[in-house]
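Reviewing the structure listed below.
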Amino acid sequence: MAERVPFRRKTLDSLLIKPAGPDCNLACGYCFYRGKDLIFPETPVHRMSLEVLEETVRQALAHGGRQVNFGWQGGEPTLMGLDFFRKAVELQARYGSGKRAANGLQTNGLLLDREWARFLRENGFLVGLSLDGPEHIHDRYRRAAGGRGTWETVVARARMLLEEGVMTNALVVVNDYSVKFASEIYGFLKDLGLSHMQFIPCVETDPEDPGRAAPFSVEGQDLGRFLGVLFDLWAGDIKDSVETTSVRFFDSVFHSYVGLAPPECTLLPECGGYLVVEHNGDVYSCDFFVEDGGKLGSVLSGRLDHMLNSARQREFGQRKAALPEKCRSCRWLSLCRGGCPKDRLQDRRDGGLNHFCRAFEMFFEHADTRLRELAENWLKARAA
């Protein structure tokens with residue numbers, strides 16, 4: 001039986017916006033969004049109109065909370081051009097009415113230049129730059145359509161962003177190859193100056209065999225070892241109870257250890273806390289579930305806050321709690337919450353065991369004692 005989460009009306013705090021839809025100037029071997037163009041067959045090129053942009057911004061600020069987080073993602077959102085984002089910031093100022101609009105841009109970095117960097121810094125954008133590690137790791141899967149590697153260009157863009165004072169995080173996909181190099185990746189990013197890191201474990205269904213994970217996917221046991229090495233490096237860099245390197249997963253887990261809600265949605269008991277707005281205004285529950293039959297409505301004909309609190313979004317969110325017996329009796333359930341539902345490969349809707357279950361078990365068995373110590377120190381310092 002699924003754990004029922006008490007209903008509370010959700011505030012519209014976060015939107016994930018895909019202004020160029022699934023379009024991208026890369027052909028990454030592990031990309032889960034590349035095939036989404038089949039959902040939008042009306043045109044071969046997908047670009048958000050100013051009408052959709054304005055209505056999205058207007059509604060978000062009219063019906064959202066005191067701060068609304070706009071996450072610009074893709075595909076590759078910089079395909080829209082810099083003027084599109086200038087317009088977005090202009091609209092946020094016009095419709096803000098005292099509310100704060102916070103912007104995050106997830107990008108492969110290829111189209112960025114100094115003009116982009118100055119705009120991003122001046123408007124307080126947080127940039128998530130996709131960089132999987134050293135060249136042999138990054139170029140394993142992150143290649144242009146013709147097969148050309150992109151590592152050299154992306155590293156140059158990372159240095160430029162840091163030189164220009166842009167808040168920049170590294171987004172690292174952990175796949176079947178990169179999982180072997182936790183220490184090398186961590187050291188490389190630190191040396192580059194990227195002290196904020198997000199590691200995204202990769203698993204997709206094999207199109208040739210729906211009962212298996214795709215070959216580039218990372219196995220749970222391998223990810224568990226990777227996280228253990230990474231945790232020791234991260235914890236070793238803590239000085240006087242202050243972290244000098246931020247790893248999003250560890251930071252999110254730490255929230256749970258001190259009694260706070262984790263910022264990473266995969267660690268929450270229920271999904272559905274944000275919405276996705278596609279290039280044409282279609283609204284979905286989650287970017288991992290942008291699929292036929294999953295549309296909640298359109299920003300051009302409905303209200304975002306109503307969609308966020310709709311019965312359909314509620315039902316979507318509660319699916320996560322439909323967990324197998326192994327999860328319900330697991331000592332780590334209050335921390336991992338069964339992980340992301342999209343990683344239940346056997347059937348993403350029926351509460352199957354998460355592909356990364358063993359990774360979670362290995363990680364918490366390895367890190368629990370140290371996390372408890374860190375949490376105790378943090379709580380003592382806060383109470384002093």
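Throughout, residue positions are numbered sequentially from 1 according to the sequence presented.
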Minimum side-chain heavy-atom gap [X]-[Y] below 4.5 Å:
X: R66; Y: R100; result: no
X: L171; Y: Q106; result: yes
X: F70; Y: V57; result: yes
X: D13; Y: Y274; result: no
X: F231; Y: R370; result: yes
X: S217; Y: N175; result: no
X: S285; Y: L296; result: yes
X: E270; Y: K320; result: no

Query raised in the report: Shortest non-hydrogen contact from R142 to D139?
Result: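 That closest heavy-atom pairing would be O-OD1, 3.7 Å.
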Name all residues meeting the salt bridge (charged side-chain N to carboxylate O under 4.0 Å, His left out) criterion together with [X]; count only those two or more places apart in sequence or in a different chain, and write none if there are none.
X: E135; result: none
X: E325; result: R328
X: E54; result: R94

Query raised in the report: Passes salt bridge (Lys or Arg N to Asp or Glu O under 4.0 Å), R225 versus E219? Steps please.
Result: CA-CA 10 Å; R225 285 191 287 267; E219 292 301 320; over 6 Å; no
Would you check if there is a donor-acceptor pair between the side chains of [Y] and [X] at a distance under 3.5 Å?
X: N103; Y: Q92; value: yes
X: D368; Y: Y257; value: yes
X: H138; Y: T150; value: yes
X: D191; Y: Y186; value: no

List the atom pairs, with distances to 0.1 Å, where a side-chain N or O of residues 153-160 and a protein N or O form a donor-acceptor pair under 3.5 Å, not counting sequence neighbours.
from, atom 1, to, atom 2, distance (Å)
R157, NE, G109, O, 3.3
R157, NE, L112, O, 2.9
R157, NH2, L110, O, 3.3

Donor-acceptor pair, [X] side chain versus [Y] backbone, under 3.5 Å?
X: N354; Y: R344; value: no
X: D343; Y: G339; value: no
X: R143; Y: R148; value: no
X: E278; Y: M48; value: no

Would you give me the side-chain donor-acceptor pairs under 3.5 Å for residues 15-23, sequence neighbours excluded?
from, atom 1, to, atom 2, distance (Å)
K18, NZ, Q73, OE1, 3.0
K18, NZ, G74, O, 2.6
D23, OD1, H46, ND1, 2.8
D23, OD2, H46, N, 2.7
D23, OD2, R47, NH1, 2.8

Query raised in the report: Which pairs pass salt bridge (charged side-chain N to carboxylate O under 4.0 Å, His left out) with one or both residues in residues 226-245, sequence neighbours excluded?
Result: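 Residue pairs passing salt bridge (charged side-chain N to carboxylate O under 4.0 Å, His left out), neighbours aside: K190-D237.
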Query raised in the report: Would you find more than 12 non-hydrogen atoms of other residues, nucleotides or ligands less than 6.0 Å from E365 atom CD?
Result: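 Count over threshold, so yes.
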Requested in this report: Please say whether more than 12 non-hydrogen atoms of neighbouring residues, nucleotides or ligands are located less than 6.0 Å from CD in E51.
Outcome: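 It does not: E51 CD has 12 such atoms or fewer within range.
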Just verifying a value: how many Å separate [X] [atom1] and [Y] [atom2], rounded to the nearest 0.5 Å?
X: S246; Y: N169; atom1: OG; atom2: CG; result: 7.0 Å
X: L371; Y: L335; atom1: CG; atom2: CG; result: 8.5 Å
X: C357; Y: L323; atom1: SG; atom2: CG; result: 10.0 Å

Check ring pair (Phe, Tyr, Trp, His ring centres under 6.0 Å) between [X] and all other residues, then give those that pass, not counting sequence neighbours.
X: H366; result: none
X: F356; result: none
X: F249; result: F363
X: F181; result: H136, Y177

Query raised in the report: Does E376 come within less than 4.0 Å of R372, counting only side-chain N to carboxylate O?
Result: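 A salt bridge is absent here (no side-chain N lies under 4.0 Å from a carboxylate O).
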Report task. Answer yes when D282 and K295 have at least one side-chain N-carboxylate O distance shorter than 4.0 Å, and no when they do not. Result ->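 Yes, this pair counts.
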Query raised in the report: Are L194 and F188 grouped together when hydrophobic residues (ILVMFWY) are joined by side-chain heavy atoms under 4.5 angstrom apart?
Result: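 Linked within one cluster.
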Query - I200-V253 co-clustered via ILVMFWY side chain contacts under 4.5 Å - result: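 Looking at the clustering, V253 is in a separate group from I200.
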**Report entry** Test log, rule salt bridge (Lys or Arg N to Asp or Glu O under 4.0 Å), inputs R114 and E163
**Finding:** CA-CA 10 Å; R114 295 280 175 180; E163 288 169 5; 2.8 Å; yes
Requested in this report: Kindly assign one of parallel, tilted or perpendicular to the pair F250 and W234, based on the angle between their ring planes and the thresholds 30° and 60°.
Outcome: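 Taking W234 first and then F250, their aromatic rings sit tilted (interplane angle of 30° to 60°).
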Report task. Measure the acute angle between the ring planes of F316 and F289, then classify it against the limits of 30° and 60° as parallel, tilted or perpendicular. Result ->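 F316 vs F289 ring planes: perpendicular.
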Requested in this report: Using the ring pair (Phe, Tyr, Trp, His ring centres under 6.0 Å) rule, collect all pairs that involve residues 105-124, keeping only residues at least two apart or in two chains.
Outcome: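 For residues 105-124, and leaving out neighbouring residues, the ring pair (Phe, Tyr, Trp, His ring centres under 6.0 Å) pairs sorted by first residue read F85-W116, F119-F125.
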Side-chain donor-acceptor pairs under 3.5 Å in residues 76-84, sequence neighbours left out?
from, atom 1, to, atom 2, distance (Å)
E76, OE1, N108, N, 2.9
E76, OE1, N108, ND2, 3.2
E76, OE2, T78, N, 3.3
E76, OE2, T78, OG1, 2.5
E76, OE2, T107, OG1, 2.8
D83, OD1, R86, NH1, 2.8

